[in-house]
Amino acid sequence: MTTAPDLADEQALLRDALGLLKDREQVAERLLESSRKHSFDPDEELDWDAPLEEGKWFWPPELVSLYDTPLWKRMSQEQRMDLARHEAASLASLGVWFEIILMQLLVRHIYDKSITSNHVRYALTEIADECRHSMMFARMIQRGGAPAYPVRPLYHNMARILKTVSTTPGSFACTLLGEEILDWMQRLTFPDERVQPLVRGVTRIHVVEEARHVRYAREELRRQMVTAPRWEQELTRLSCGEAARVFSIAFVNPDVYAQVGLDKREAVAQVKASGHRREVMQSGAKRLTDFLDEIGVLRGVGRKLWRSSGLLA
């Protein structure tokens, strides 16, 4: 049964800096229809048994963290391609970590909502998508022959706290952080013929299905930032900024450098000093930071945390 606050929320004409908010049920209905037409089973869609192609990258070189640094220029082509393979595994590991967090946050979001609503049905559909994505990323790591790269225990355990105490708008803000930057990179990856066909197939599936997830999260975050009490909005700004700071640190596991015979400290220092890398990360985040700025998330201390993360120019 829909609660009184839910009814009041849906009947009100809600507006923010981007204009009038769309009806929650209508948005979910369109996303459900899109899911029916454009969903994939990676086990059936992709040829997991096909041999890897000689001379193909696992990640576009321009998106590899050390690209265009002095260290990169000293590396052999074989070493560069091996680093790309390990970074692809690191990013896939990060993606699984985020998606497991996201699934738990979505379950929390719908726990008190009407189980017959389109909004809840779509959330459950998205959880099913994320289950498939997590298995797909794990299988890609295995197929590439690199190890999985879990985040540091500190961040792994910080996420336990996030999953327990996150506000609803904070959950959707963190969801977008985890989805949109990787999505930007994957949109550059799946059409790139220099990249392994399997990796291109994985990123294509993820981009198509993730577009719906981003739409759902954006619409709900807008709604939450209009309707949430002021303390919740302020906590969201702070938690989102801290999540951006952690995300930027955890984005590539430093162990990838040691795996290809590089000095970890030197590699990390050069990535931090790299103007190209800073431009890549800020370009990947720009669509998201513009959106968060427009709806009032990037304010106060939270904005300072975003700047310290290097994701906000």
Side-chain angles (χ1 to χ4, degrees), residues 16 65 90-91 93-109 130 149-185 210 213-214 216-218 220-255 268 271-272 277-278 280-313:
D16 64 6
S65 61
S90 175
L91 289 169
S93 301
L94 183 76
V96 174
W97 180 61
F98 262 111
E99 287 176 342
I100 290 172
I101 294 169
L102 166 59
M103 286 187 273
Q104 293 179 72
L105 293 176
L106 279 172
V107 169
R108 281 186 57 202
H109 172 61
E130 299 295 16
Y149 287 95
V151 297
R152 287 168 49 187
L154 171 63
Y155 303 137
H156 186 79
N157 289 315
M158 284 176 68
R160 295 184 195 277
I161 300 171
L162 170 71
K163 291 182 294 184
T164 303
V165 305
S166 177
T167 63
T168 299
S171 296
F172 282 102
C174 291
T175 294
L176 290 169
L177 171 65
E179 290 179 336
E180 294 215 28
I181 299 174
L182 285 171
D183 180 72
W184 179 83
M185 290 187 169
E210 209 66 22
H213 304 177
V214 168
Y216 184 77
R218 280 180 171 236
E220 191 59 28
L221 179 57
R222 287 179 63 194
R223 180 177 300 277
Q224 293 292 331
M225 288 302 291
V226 169
T227 60
R230 184 170 179 178
W231 70 265
E232 199 168 3
Q233 294 178 22
E234 291 297 336
L235 183 57
T236 298
R237 294 179 180 113
L238 185 62
S239 63
C240 183
E242 177 61 11
R245 188 190 67 81
V246 170
F247 179 81
S248 65
I249 296 170
F251 196 74
V252 173
N253 190 315
D255 289 343
V268 170
V271 170
K272 287 181 178 178
R277 186 60 175 178
R278 188 178 311 111
V280 164
M281 296 302 289
Q282 290 179 358
S283 296
K286 188 174 189 311
R287 184 169 175 267
L288 173 60
T289 53
D290 285 351
F291 169 72
L292 295 178
D293 202 14
E294 287 179 307
I295 65 170
V297 175
L298 297 188
R299 295 180 184 173
V301 176
R303 189 180 190 89
K304 292 179 181 177
L305 286 167
W306 269 89
R307 287 199 182 281
S308 71
S309 76
L311 297 174
L312 179 64

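With sequence neighbours left out, E180 forms a salt bridge (Lys or Arg N to Asp or Glu O under 4.0 Å) with R218, R287. Applying the ring-ring contact (aromatic ring centres under 6.0 Å, His included) test to Y216 and every residue at least two apart in sequence or in another chain returns H119, Y122. Among residues two or more places apart in sequence or in another chain, the side-chain hydrogen bond (donor to acceptor under 3.5 Å, both in side chains) test is passed with E130 by H133, H213. Partners of E234 under the side-chain hydrogen bond (donor to acceptor under 3.5 Å, both in side chains) rule, at least two apart in sequence or in another chain, are R237. F291 meets the ring-ring contact (aromatic ring centres under 6.0 Å, His included) test with no other residue; sequence neighbours excluded. Annotation: side-chain hydrogen bond (donor to acceptor under 3.5 Å, both in side chains) contacts of R278 (sequence neighbours excluded): none. Listed by chain and number, the residues in a side-chain hydrogen bond (donor to acceptor under 3.5 Å, both in side chains) with K286 are D290 (sequence neighbours excluded). With sequence neighbours excluded, the residues that form a side chain to side chain contact (heavy atoms under 4.5 Å, CB included) with V96 are I100, S134, F137. A search for side chain to side chain contact (heavy atoms under 4.5 Å, CB included) contacts involving S248 returns S309, L311, not counting sequence neighbours. Among residues two or more places apart in sequence or in another chain, the side chain to side chain contact (heavy atoms under 4.5 Å, CB included) test is passed with S90 by Y149, V252, N253, V256.
Between R277 and F251, some side-chain heavy-atom pair lies under the 4.5 Å cut-off. Side-chain contact check for L288 versus W184: every heavy-atom pair is 4.5 Å or farther apart.
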Residues 151-162 side chain polar contacts: donor-acceptor under 3.5 Å, at least two apart:
from : atom 1 : to   : atom 2 : distance (Å)
N157 : OD1    : R160 : NE     : 2.8
N157 : ND2    : P153 : O      : 3.1

Pair up each side-chain donor or acceptor in residues 296-303 with any protein partner under 3.5 Å, not counting sequence neighbours, and list the distances.
from : atom 1 : to   : atom 2 : distance (Å)
R303 : NH1    : D293 : OD1    : 3.1
R303 : NH1    : L298 : O      : 3.1

Exercise. Which is it for Q233 and T236 under the side-chain contact (heavy atoms from CB on, under 4.5 Å) test, yes or no, and what are the steps along the way?
Worked result: CA-CA 5 Å; Q233 294 178 22; T236 298; 5.6 Å; no
For this session: Evaluate side-chain contact (heavy atoms from CB on, under 4.5 Å) for M103 paired with F98, printing each intermediate quantity in order.
Result: CA-CA 9 Å; M103 286 187 273; F98 262 111; over 6 Å; no
For this session: Run the numbers on M281 and M185 for side-chain contact (heavy atoms from CB on, under 4.5 Å), then give the verdict.
Result: CA-CA 9 Å; M281 296 302 289; M185 290 187 169; 3.9 Å; yes
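Distance CG/L176 to OG1/T289: 12.0 Å, rounded to 0.5 Å. To the nearest 0.5 angstrom, L94 atom CG is 6.0 Å from L182 atom CG. Distance CG/L312 to CH2/W306: 7.5 Å, rounded to 0.5 Å. Here I249 contributes atom CD1 and S308 contributes atom OG; the two are 8.0 Å apart, rounded to the nearest 0.5 Å. Atoms CG and CG, on L106 and L102 in that order, are 4.5 Å from each other to the nearest 0.5 Å. The CZ atom of R222 sits 12.5 Å away from atom CG of L292, with the distance rounded to the nearest 0.5 Å.
Side-chain atoms of S166 come within 3.5 Å of backbone atoms of S171 as a donor-acceptor pair (strictly under, hydrogens ignored). At distances below 3.5 Å, not a single donor-acceptor pair connects side-chain atoms of E242 with backbone N or O atoms of L305. Between the side chain of Q104 and the backbone N or O of K163 there is no donor-acceptor pair closer than 3.5 Å.
Closest approach of R108 to V165, counting heavy atoms only: NH1-N, 4.1 Å.
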